[in-house]
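Counting starts at 1 for both ligands and their atoms, in listed order. Since this is a predicted model, take the numbers as computed values, not measurements. The figures that follow rest on heavy atoms only: side chains count, while hydrogens, waters and symmetry mates do not.
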Amino acid sequence: MKRFYLSLFMCLGLSGSLMAQTNEVLISTENTSLLLDAPMGGVPKIMYYGARINENEAKQIEENGLSYGKEAYPVFGINCVTEPALMVSHADGNMSLDMEITGIKEEKTNDATLYTITLKDKVYPFTVDLVYKAYDNSDVIELWSEIAHQEKKSVTLKQYASGYMPIRRGDVWMSHLHGDWAAEGEVTTEPVTPGMKIIKNKDGARNSHTDHAEIMFSLDGRPQENSGQVIGAALCWNGNYKLRVDTDNNRYHHFFAGINEEASDYKLEPKEIFVTPELAFTYSPEGLSGVSRNFHKWARNSKLYAGTKQRDILLNSWEGVYFDINEAGMDQMMEDIASMGGELFVMDDGWFGDKYPRKNDSSSLGDWMVDTEKLPNGVPGLVKTAQKHGIKFGIWIEPEMTNTVSELYEKYPDWIISQSNRPLAPGRGGTQLVLDVSNPKVQDFIFKVVDDLMTENPEIDYIKWDANMYIANYGSHYLTADKQSHLYVDYHKGLMDVMKRIRLKYPDLVIQACASGGGRANYGILPYFDEFWVSDNTDALQRVYMQWGTSYFFPAVAMGSHVSATKNHQTGRIMPLKFRFDVAMSGRLGMEIQPKDMTADEKEFARKAIASYKNIRPVVQQGDLYRLISPYDKKGVASLMYVSPDKDQAVFYAYKMEHFVNQVIPRFRMAGLNPDKQYRLTELNVEGEPIDLNGKVISGAVLMNEGIELPLRTEYASRVIELNSID
Ligand code: DGJ
C-alpha cells in the first residue's frame, strides 16, 4: 500500500488542506518526532515518539514491527477494560463511543505547525478533534482534544483527558515534584511499577503546592541529570489535574493527563466545544537536564508571558514589614533598594481597606481602595516616591478572594463560592473566602481591580497577584443546579478570560503568579504571567532543593528568588549573606528583607552582588541550564550552571550543603561548554580569599572532562564563577 507521510518539511505548502489519503502523520520538531498512524475510517494510533526520524526511518519503524501501535486517544464503551482518555454519557444515556477518523488537516501558524485529526462517532453526532502542535523553535509537541456534538440534549463528559502516551516497559523511572506550603518542588524519583500511579490535585484554585502537573520518564533506568533518554510531560492547566500512569501488563506503561474529572462532570451543550488543556511533551537523550532545557526554551519562546524579556531586580516588602505599611517605611525601603542598585520596589499585602483597614490577614480582601490612614497620598504618592528614587513600583493584590469582614462580602454575598444552606468554612485568617470566578460579574470585578489601579497609576510596572485559599464550600450561586459540577473547570476558564482581557489592555505590565508561595507554578497560568513566586520559604538552604526541583520544568527567568533575613523567618536557620545571594542569583534575583536592619558592610556586599547579577543576568535568565551535582544525592554539595546559547558566557554555582571533617567532595565537572573554547574564570561575590582559579584561562574540554576542585571549607560555603570565552 502506498503511504503518504506528512512532515514539517514536506507539508508547509499544504496549509489548511484536507489530506484524504493520509495514513501516517509524522510530526517533527528540530530534534524530536511523533509518528501517528491515521487511516481514514480507522482509529489513530501512536507509533513512535522520540528522537527525530525521517520518512524513511518512520517507514522502517512501521514495517519492521518496531512501532507502538497504541490508540492515540482511547475512548470508553467498546473497549471497557483499559483506562480511557474519554468517557461520556450521551443525551440518551448511552455511555459508549466508537470513533473513526473523518479528516486530517495541517496548518502553519506563526510559531508552529498544527495537525488536526477529526474523529467522529459511528452512531452519534459526536466529534473529537485531536490537535497536535509541533513548535518551530523548541522541541515540544503539545496535544489536546476539542470535543463537540450535535445531539438533542447535553452530553456529559465524565472523563476528558487532554492526551495519552504509551511508554515501553523496561527500567522506566519517573521524576515528579511534590511538597507542601513552604516546601514546594521536592523531587520524587521512583521506578514505574505495575498498577496505577495517580498524581493529582484537588485544591480547586491553585495546583502546585503539593504535587505538580508535570512529570519526566527516564527510559534507561535510574534518572541521570546529563545522560539517558527522557520523556517529559507538562499539563498546561491551573486547576485540578490528574496524571495517570497505568501499567496493566508487561509491555507498556500508559500515561494519561488531563483535568481531574472528580466532582467535575461537564455537561456539554449541542454545538458547544470543550477544549481540553494542552499537554506538552518533549524528549531528550541528554537526561533530565536535557528535558529541562527543552521545556525552558519552549517556555521562554512560546509559553511564559514575555519569556525573553529581562526581569528587574526587586525588593519586596513582605518579610521586611509584613502588614506594617506606611509612607515613611515604603520611602525608606525604596531608597535602600535603589542605593543597592535594585530596579523595582514591590509593596506587598497590607495597603488597602477603607471601612475595614487591612491590619492582618483576617479582613478587607476585595476592598481595593487604599488605606488612607497608612498611605495619605495613596498609590500615586508611592509611585512618585519610586520615581524620586529612580526605580519602578509594583503592588500586591489578591483579586479572586474576599474576607467575611469586607465591604465586598457585605455587598455581594452571592459572589462567594458557598452553599446557601450550610455554614461557611473560611480559610486564612479565619475569614477568607474564594470568589466565584465562573460568574462573569466576578470576572468583570477582577478585571476592574487591575484596570482601576492601572488607570489611576499607569506607571505601575509590576503586580504580585496572590491567591491564598483553596476552593472550599463547593457551590456556585451563578451556575445552574444541573451545572454545579462545572465549577472547578469554569473557575479557571473564567480566570483565563480575565487574564486575556488584562493582557490585551496591559501588555507591558509584569505580573507575578503567587499563591501562598508556589501554588501556581504551572503552564496553564504562565501564558499570562511573567514569573511565579517559588515559595514562601526563603531559607537559602531549602531553596537549593526547591529551586532544583522547580527547574526541572521552569526556567530561571520565571522563578522569583529572594535574599531574606538571617535568621530565616521560616526555618530559623542562620546563613551567610553570601550563601543567600549565591542561591538567589541562580533565579530571578530579588530581596525580601528590611534593608534598614542590614549593616553597611552587608549593604555594600549586596550592592556588588546586584551589580554582578546585572552582568550575568542574560545568561541566567536566557541561558541553558545544566544541573551538575544534585543536592538530593547527598554528596555534601550541589552544583549547577547556565551557558549562553553561543557558549561564550557561563555562570557556575557550587553550594556546600553539609559539612564534615575529612569529607569527600566530588570534583565539579562542568557541562554545556564548547570544548574548543578557552574560558576565563572570574569568581563573583568573593568574600575573603578568592579561589586559586580566579582569573585563570581553561579550555571547555578540561572544565568538562577533568573538572575543577573548589575550596568549600565550611557549612554554607558557596562559590559563583563567571566564565567568559576569550576566543
Ligand atoms: C502569601 C505570599 O506567598 C507572600 O509572599 C505574601 O504576599 C503574603 N501572601 C501576603 O499576605
Side-chain angles (χ1 to χ4, degrees), residues 179-185 203 205-210 238 314-325 329-330 333 344-353 356-368 371 374 393-403 405-406 426-434 449 453 462-470 510-522 525 529-540 542-543 546-547 550 558-565 568-571 584 587-594:
D180 199 350
W181 172 81
E184 293 90 337
D203 180 290
R206 308 86 43 90
N207 73 10
S208 56
H209 268 132
T210 50
N238 188 45
L314 62 86
L315 172 68
N316 180 287
S317 67
W318 180 241
E319 286 197 24
V321 297
Y322 293 102
F323 292 100
D324 191 10
I325 301 277
M330 297 298 97
M333 289 183 112
L344 164 71
F345 173 74
V346 182
M347 176 174 66
D348 210 284
D349 198 350
W351 60 269
F352 53 93
Y356 304 105
R358 175 93 161 164
K359 299 199 184 323
N360 52 44
D361 61 8
S362 65
S363 74
S364 325
L365 294 174
D367 301 350
W368 300 107
D371 175 353
K374 289 179 177 175
F393 181 77
I395 194 163
W396 178 97
I397 53 173
E398 192 178 358
E400 299 152 69
M401 307 282 163
T402 190
N403 296 100
V405 185
S406 72
R428 189 184 187 202
T431 58
Q432 186 157 340
L433 299 167
V434 184
V449 172
L453 265 176
Y462 179 108
I463 280 182
K464 175 173 176 177
W465 182 306
D466 211 340
N468 288 297
M469 198 184 162
Y470 43 87
V510 179
I511 314 182
Q512 182 191 65
C514 174
S516 307
R520 282 185 168 169
N522 66 66
I525 205 149
F529 287 75
D530 300 71
E531 61 172 35
F532 60 89
W533 183 221
V534 172
S535 175
D536 273 352
N537 187 340
T538 55
D539 173 304
Q542 197 163 349
R543 274 287 181 133
M546 289 192 288
Q547 293 177 189
T550 307
M559 287 165 51
S561 183
H562 296 178
V563 173
S564 63
N568 181 268
H569 291 191
Q570 292 77 38
T571 62
R588 194 277 289 132
L589 173 66
M591 295 181 79
E592 180 131 353
I593 196 167
Q594 173 50 278

**Q.** Close-contact set for ligand 1 against G517 heavy atoms, below 4.0 Å
**A.** 3 (O)

Q.
Within the 4.0 Å heavy-atom shell around K464, which atoms of ligand 1 are there?
A. 4 (C), 5 (O), 6 (C), 7 (O)

Q. Which of the atoms of ligand 1 are close to D349, meaning less than 4.0 Å from one of its heavy atoms?
A. 10 (C), 11 (O)

(Q) Check contact between D466 and ligand 1, using heavy atoms of the residue and a distance below 4.0 angstrom. (A) yes

Q.
Donor-acceptor check, side chain of R520 to backbone of N207, threshold 3.5 angstrom: yes or no?
A. no

Q.
Check for me whether R206 meets the cation-pi criterion with W533, that is, NZ or CZ under 6.0 Å from the six-membered ring centre and within 45 degrees of the ring axis.
A. no

**Q.** From CG (L433) to CE (M401), nearest 0.5 Å
**A.** 9.5 Å

Q: Between R428 and ligand 1, find which residue part has any heavy-atom pair under 4.0 Å and reply side chain, backbone, both or neither.
A: side chain

**Q.** Min heavy-atom dist H562 to ligand 1 below 4.0 Å
**A.** no

Q | Whether N468 side chain and S516 backbone form a donor-acceptor pair below 3.5 Å | A | yes

Q. With atoms numbered from 1 as shown, which atoms in ligand 1 lie under 4.0 angstrom from a non-hydrogen atom of S516?
A. 1 (C), 3 (O)

Q) What residue and heavy atom of the protein are closest to atom 4 (C) of ligand 1, and at what distance? A) D536 OD1, 3.3 Å

Q.
Tell me whether S208 contacts the main-chain N or O of G518 through its side chain, where contact means a donor paired with an acceptor under 3.5 Å.
A. yes

Q. Any nitrogen or oxygen of F323, main chain or side chain, under 3.5 Å from a nitrogen or oxygen of ligand 1?
A. no

Q: Name the orientation class of the two ring planes belonging to W368 and F352 (parallel below 30°, tilted from 30 to 60°, perpendicular beyond 60°).
A: tilted

(Q) Can you confirm whether or not the ring centre of W318 sits under 6.0 Å from the ring centre of F323? (A) yes

Q.
Checking side-chain hydrogen bond (donor to acceptor under 3.5 Å, both in side chains) between R358 and each of D367, D371, D349, which is the one that passes?
A. D349

Q.
Using a 4.0 Å heavy-atom cut-off, which part of D361 comes near ligand 1: side chain, backbone, both, or neither?
A. neither

Q | C514: numbered ligand 1 atoms lying under 4.0 Å from its heavy atoms | A | 2 (C), 3 (O)

Q.
Check this for me - ligand 1, R358, N or O atoms closer than 3.5 angstrom, yes or no?
A. no

Q: Enumerate the atoms of ligand 1 whose separation from the nearest heavy atom of W533 is less than 4.0 angstrom.
A: 3 (O), 5 (O)

(Q) Does either side chain, that of D348 or that of W351, offer a donor lying less than 3.5 Å from an acceptor on the other one? (A) no

Q | Nearest non-hydrogen partners of V321 and M333, listed with the distance | A | CG1-SD, 4.0 Å

Q: Ignoring angles and geometry beyond distance, decide whether W318 reaches within less than 3.5 Å of ligand 1 through its nitrogen or oxygen atoms.
A: no

Q. What residue and heavy atom of the protein are closest to atom 7 (O) of ligand 1, and at what distance?
A. D348 OD1, 2.7 Å

